[in-house]
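Report on the following structure.
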Amino acid sequence: MKVEKFPDRVIEIDQEQYLYFGGTAYLGLPTNTAFQDLVIQNILKWGTTYGSSRTANIQLTAYDAGETFLASHIGSESTVTVSSGMLAGKLVLEKLKKETAVFYHLNEIHSAIQIENSLPVFINEKLNNRLLDSKPEKITILTDGVPSFQTKAVDLSFLKEIPNHKEVTLVIDESHSLGIVNKNGSGIYAAISFPIKRKILVSSLGKAFGLTGGVIASDSEFIQQIKEIETFTSSAGMNPAFVQTLSDASEIYKIQHQKLLDNLSYIDSILIKNSNVKFDKNYPLIYLLSNELVEKLKQEKIIIASFRYTKEAEPLNRIVITANHLKEDLDKLVTTLNDFNSRF
């Protein structure tokens, strides 16, 4: 299905209108006029792009503004922006692989933070024995903030079981939690209080924050080390107009985040809970376990997100709620879900 304009809450296919519950624009920013005005004004000031290295002799204050905002929002000592979330992940791995004895991964993580020879944290639902052995070593644990096909933040309580002689660095990909979960969408990073050596956030900014780019957040020492990697110094930065907009749009983010929470609360109040749907009132995704239900929604002129992460995988069917959906959109969606679920 191809569309000829940004797919917001309504899309047109073959001259027919459908409600759309897909994409990743959780805060509804790409079509938000106040947000667009900020982007336009910053493009007029900073241009459409800036292809120079971040370490060149001319430095742009746009980066200071945006990265200071992100550090405050996330609750980290420091941040640095890059051109994509994928690059953010790869830069962090490039740095850590030189000082990590063993990498571990939790669940099926996004390719941005995948690395060869990584070991699973859990084997047969039990903590990997190597995490518990007597060998002192530096380890890195890689995880998504909200695992695929889940609607709750990742459970990191297992970190308490890892002995102190394992020096733990945690890398968490918050592409689908930053801007969404916790107060004002601050994400998961600041809430991680387990006694580990270092925690690092990587995230796309093209989801909730509505701007093409990525961010790395951590302590100031680590962020400075990232800025010294050749891959970083030889790359152009994130569009400075977009980075400046991050700071300028701070109040818009709060407003849109509250709208999203209101929509989720409303759904929770009218949705009949059933095993065919997986929903949590604090997260804007509804996963569908029935392909028949996907077809039923389409018959009702409701299009949802459906895609495969790999060619061989089963389609991942999910409903995406955004701040832009209206009450009548939600009524139609939930009525269809409830009617279908009443048969079971």
Side-chain angles (χ1 to χ4, degrees), residues 5-9 23-89 91 112 174-180 183-187 189 201-217 223 226-227 231-260 322-324:
K5 59 185 293 189
F6 183 84
D8 194 25
R9 49 172 287 274
T24 58
Y26 304 113
L27 299 185
L29 293 168
T31 58
N32 181 286
T33 54
F35 187 74
Q36 288 177 336
D37 286 344
L38 289 178
V39 173
I40 291 167
Q41 290 304 310
N42 281 320
I43 287 175
L44 292 174
K45 179 177 180 179
W46 293 108
T48 58
T49 188
Y50 187 67
S52 179
S53 169
R54 287 286 305 274
T55 58
N57 59 321
I58 298 299
Q59 301 283 303
L60 308 186
T61 58
Y63 294 107
D64 297 329
E67 289 165 0
T68 298
F69 161 76
L70 285 171
S72 175
H73 187 81
I74 292 166
S76 63
E77 282 187 7
S78 185
T79 68
V80 64
T81 53
V82 291
S83 58
S84 71
M86 180 65 75
L87 180 59
L91 278 168
E174 290 219 47
S175 296
H176 296 278
S177 52
L178 183 60
I180 301 168
K183 186 177 179 180
N184 294 326
S186 59
Y189 177 94
L201 171 151
V202 300
S203 180
S204 167
L205 295 170
K207 314 301 195 239
F209 281 91
L211 296 162
T212 302
V215 62
I216 304 167
I223 295 302
I226 289 291
K227 292 179 179 179
T231 304
F232 178 82
T233 61
S234 61
S235 300
M238 181 177 168
N239 186 322
F242 291 175
V243 182
Q244 180 69 57
T245 300
L246 288 167
S247 175
D248 295 346
S250 59
E251 290 305 311
I252 296 176
Y253 290 133
K254 292 178 184 177
I255 293 168
Q256 294 301 106
H257 184 252
Q258 186 58 54
K259 287 181 179 179
L260 177 61
T322 77
N324 286 353

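Throughout, numbering of the chain's residues begins at 1 and tracks the sequence. As a basis for the values below, the full set of heavy atoms in this structure was taken, side chains included, without hydrogen atoms, waters or symmetry mates.
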State, to 0.1 Å, how close Ala241 and Trp46 come at their nearest heavy-atom pair, and which atoms those are.
N-CB, 3.9 Å
Taking atom types as modelled, is there a side-chain donor on [X] or [Y] under 3.5 Å from an acceptor on the other?
X      : Y      : answer
Tyr26  : His257 : no
Ser177 : Glu174 : yes
Gln244 : Asp248 : yes
Thr81  : Glu67  : yes

So, Phe209 versus His73, ring centres under 6.0 angstrom or not?
yes
Mark yes or no for whether Thr49, through its side chain, and Gly51, through its backbone, hold a donor-acceptor pair below 3.5 Å.
no
Whether the side chain of Asn184 engages the backbone of Ser186 through a donor-acceptor N/O pair (distance < 3.5 Å, no angle test) should be reported.
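No, the answer is negative, given that no donor and acceptor are paired below the 3.5 Å cut-off.
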Among Thr231, Thr79, Ile216, exactly one meets side-chain contact (heavy atoms from CB on, under 4.5 Å) together with Ile226. Which residue is that?
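Only one of Thr231, Thr79, Ile216 forms a side-chain contact (heavy atoms from CB on, under 4.5 Å) with Ile226, namely Ile216.
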Please tell me if the side chains of Gln256 and Asn324 come closer than 4.5 Å, counting only heavy atoms from C-beta onward.
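Gln256 reaches Asn324 side chain to side chain.
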Could you check whether any side-chain heavy atom of Met238 comes within less than 4.5 Å of a side-chain heavy atom of Val82, counting everything from C-beta outward?
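Heavy-atom side-chain distance check fails, nothing below 4.5 Å.
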Using side chain to side chain contact (heavy atoms under 4.5 Å, CB included) as the criterion, list what pairs up with Thr68, not counting sequence neighbours.
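Scan of Thr68 (side chain to side chain contact (heavy atoms under 4.5 Å, CB included), adjacent residues dropped) gives none.
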Those residues that, when tested against Ser84, pass side chain to side chain contact (heavy atoms under 4.5 Å, CB included) (two or more places apart):
Met86, Leu87
Just say parallel, tilted or perpendicular for the rings of Tyr253 and Phe69, cut-offs at 30° and 60°.
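Tyr253 vs Phe69 ring planes: parallel.
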Tell me if the CD1 atom of Ile58 is crowded by more than 12 foreign heavy atoms within 6.0 Å.
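Open.
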